[in-house]
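Bear in mind the structure is a predicted one, so any value in this text is a computation, not a measurement.
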Amino acid sequence: MDAPLITNDAIVFGLLAAVLGAIFYTKSRGGWWDKFYTFIPIILLAYLIPSLMNSFGLISSEESNLWQIAKDYFLPAALVLMTLSIDMKGILGLGSKALIMFFTATIGIILGGPIAMLIVGSFSPETVGGEGADAIWRGLATLAGSWIGGGANQTAMLEVYGYNQEKYAAMVAVDIVVANIWMAFLLYGAGNSEKVDRWLGADSSAIERLKNKMADYTSSVERTASAADLVMLTAIAFGGVAVSHLVAAVAVPFFEAQGLGESILAAEFFWIVVTATTVGLGLSFTSARGYEGAGASKIGTVFIFLLVAIIGTKMDVFMLADQPLLFLVGFIWMTFHSILLIAVAKIIKAPFFFVAVGSKANVGGAASAPVVAAAFHPALAPVGVLLAVLGYALGTYGAIICAQMMAAVAG
């Protein structure tokens with residue numbers, strides 16, 4: 001593979017910031033741009049442009065450490081700032097449909113794997129075959145772990161089923177491409193959620209009430225931010241990041257010492273996300289909530305858009321040319337997952353917000369579920385986090401069930 005044109009992370013980061021600046025500048029111009037952004041939501045464009053830059057060799061996520069920075073700094077900082085003024089009672093008042101759609105998403109992944117193997121195996125048995133450590137079902141078990149819980153669950157499945165690590169890169173490629181294409185669809189839907197909700201016949205009044213309540217609170221405390229306010233917001237955000245990493249640094253060795261090294265409780269990222277969310281929620285019950293008026297959620301939104309742009313750099317559309325039938329397994333799998341979600345949402349009249357966040361809490365985990373939730377409204381980011389934590393907890397169990405079913409299909 002040819003080296004990317006730009007390898008300096010400082011330049012790449014500046015380029016991504018410039019892309020975001022151009023998107024927001026054109027969005028503010030009105031006129032023809034209003035029509036353009038009616039069909040192409042800004043958060044989708046913030047994701048797709050960096051992915052095309054990666055695909056055409058301008059930049060490369062493989063040559064960059066930006067994702068590590070985004071995951072360790074921007075994400076927990078965003079979670080702290082966006083939960084700072086949250087109405088926890090309002091989130092709990094969203095009702096049971098959020099959980100129904102989450103578990104539907106989980107079932108869609110568990111059943112989708114063996115169904116995809118059956119379909120592709122009917123005309124290309126070698127694609128889903130293999131013996132011993134090379135058995136494809138073992139590799140697909142790592143996908144099940146990733147798509148129900150996240151990276152930690154994926155690694156656990158690699159260890160549990162002993163898939164040939166020399167061939168593991170192909171599974172990672174399927175994971176990245178299929179999951180990110182699905183995320184693009186969800187972000188597009190988030191930008192057009194009112195139309196989708198009308199088609200679903202959904203009552204999104206509870207979501208609207210929470211959004212409006214947050215907007216009313218923000219306007220009631222809004223003020224011109226002083227330098228002291230911005231310094232305090234920086235202290236709150238990155239103080240929360242520091243606490244998150246401190247808790248992770250203590251918790252991970254503790255649970256490893258208890259013989260739980262393969263458990264989600266020994267995953268550093270799990271503790272970072274849980275702690276950052278807890279810090280933000282804790283502050284929402286104190287006077288620190290007033291910093292929403294100085295722009296807490298706005299700064300959090302900036303971090304979210306930076307996250308979206310950096311996630312976009314991980315997508316390479318040209319990877320589809322490698323082992324196309326293995327990618328077909330992934331696409332059929334995700335298609336089943338999405339059809340089941342839409343069908344259940346239509347039956348119970350669930351808002352598209354629950355479809356999108358329920359899916360990404362499984363498929364994307366804590367790295368992208370709050371991003372998709374915030375695409376609807378910054379106040380809704382914690383819903384994505386709470387469901388993603390549930391996904392972490394269920395990921396290993398769901399992946400094992402899926403893996404055993406795929407092993408039975410493989411015969």
Side-chain angles (χ1 to χ4, degrees), residues 1 51 54-55 60-62 67 106 108-121 124-183 262 264 267 269 311 314-338 359-360 362-365 367-368 391-392 395-411:
M1 182 177 178
S51 72
N54 182 53
S55 296
S60 173
S61 61
E62 294 181 3
W67 172 240
T106 304
I109 295 300
I110 292 174
L111 299 180
I115 288 172
M117 284 188 66
L118 276 171
I119 293 173
V120 175
S124 180
E126 66 278 6
T127 300
V128 294
E131 298 291 336
D134 292 335
I136 294 299
W137 71 266
R138 297 180 186 274
L140 294 176
T142 68
L143 276 186
S146 176
W147 288 353
I148 297 175
N153 304 89
Q154 183 178 31
T155 303
M157 292 302 100
L158 182 63
E159 293 295 324
V160 169
Y161 290 104
Y163 184 59
N164 186 346
Q165 295 197 17
E166 292 181 3
K167 297 185 176 183
Y168 181 51
M171 296 299 168
V172 174
V174 174
D175 180 10
I176 292 171
V177 172
V178 175
N180 280 283
I181 288 176
W182 175 233
M183 183 172 180
E262 299 301 322
I264 191 62
F269 190 54
I311 290 173
K314 294 163 67 66
M315 170 72 171
D316 183 357
V317 296
F318 295 131
M319 293 173 73
L320 291 169
D322 299 331
Q323 295 184 275
L325 290 181
L326 196 54
F327 279 95
L328 181 61
V329 173
F331 282 121
I332 293 172
W333 193 341
M334 195 60 69
T335 299
F336 177 84
H337 165 81
S338 60
S359 175
K360 291 309 291 182
N362 281 273
V363 177
S368 57
Y392 275 142
T396 299
Y397 305 108
I400 289 173
I401 295 171
C402 180
Q404 295 307 122
M405 294 172 69
M406 290 190 292
V409 169

Minimum-distance pair of heavy atoms, taken over all atoms of [X] and [Y]:
X: L143; Y: M171; result: CD2-O, 3.6 Å
X: A141; Y: Y161; result: CB-CD1, 3.8 Å
X: A410; Y: M117; result: CB-CE, 4.0 Å

Walk me through it: do I136 and L326 pass the test side-chain contact (heavy atoms from CB on, under 4.5 Å)?
-> CA-CA 9 Å; I136 294 299; L326 196 54; 4.2 Å; yes
Among T142, N362, D175, find the residue that satisfies the side chain to side chain donor-acceptor pair (under 3.5 Å) test when tested with W147.
-> D175
Polar contact flag, side-chain donor to acceptor under 3.5 angstrom, S359-W182 = yes
Can you tell if the side chain of [X] reaches within under 4.5 Å of the side chain of [Y], non-hydrogen atoms only?
X: P114; Y: W333; value: no
X: H337; Y: V363; value: yes
X: V174; Y: V329; value: no

Candidate pair I109 and F336, rule side-chain contact (heavy atoms from CB on, under 4.5 Å), full reasoning | CA-CA 8 Å; I109 295 300; F336 177 84; over 6 Å; no
Evaluate the side-chain contact (heavy atoms from CB on, under 4.5 Å) criterion for residues N180 and S51: first the C-alpha distance (whole Å), next the side-chain angles of each, then the deciding distance (0.1 Å), finally the verdict.
-> CA-CA 10 Å; N180 280 283; S51 72; over 6 Å; no
Looking only at atom types and distance, does a side-chain atom of R138 sit under 3.5 Å from a main-chain N or O of G130, one as donor and one as acceptor?
-> no
Over 12 non-hydrogen atoms of neighbours within 6.0 angstrom of CD in E131 = no
For L328, check side-chain contact (heavy atoms from CB on, under 4.5 Å) against everything at least two apart and list the hits.
-> V120, F123, L325, I332
Which residues share a side-chain contact (heavy atoms from CB on, under 4.5 Å) with A407, sequence neighbours left out = W137
Rounded to the nearest 0.5 Å, what's the gap from CG on L140 to CE on M405? Could you check?
-> 13.5 Å
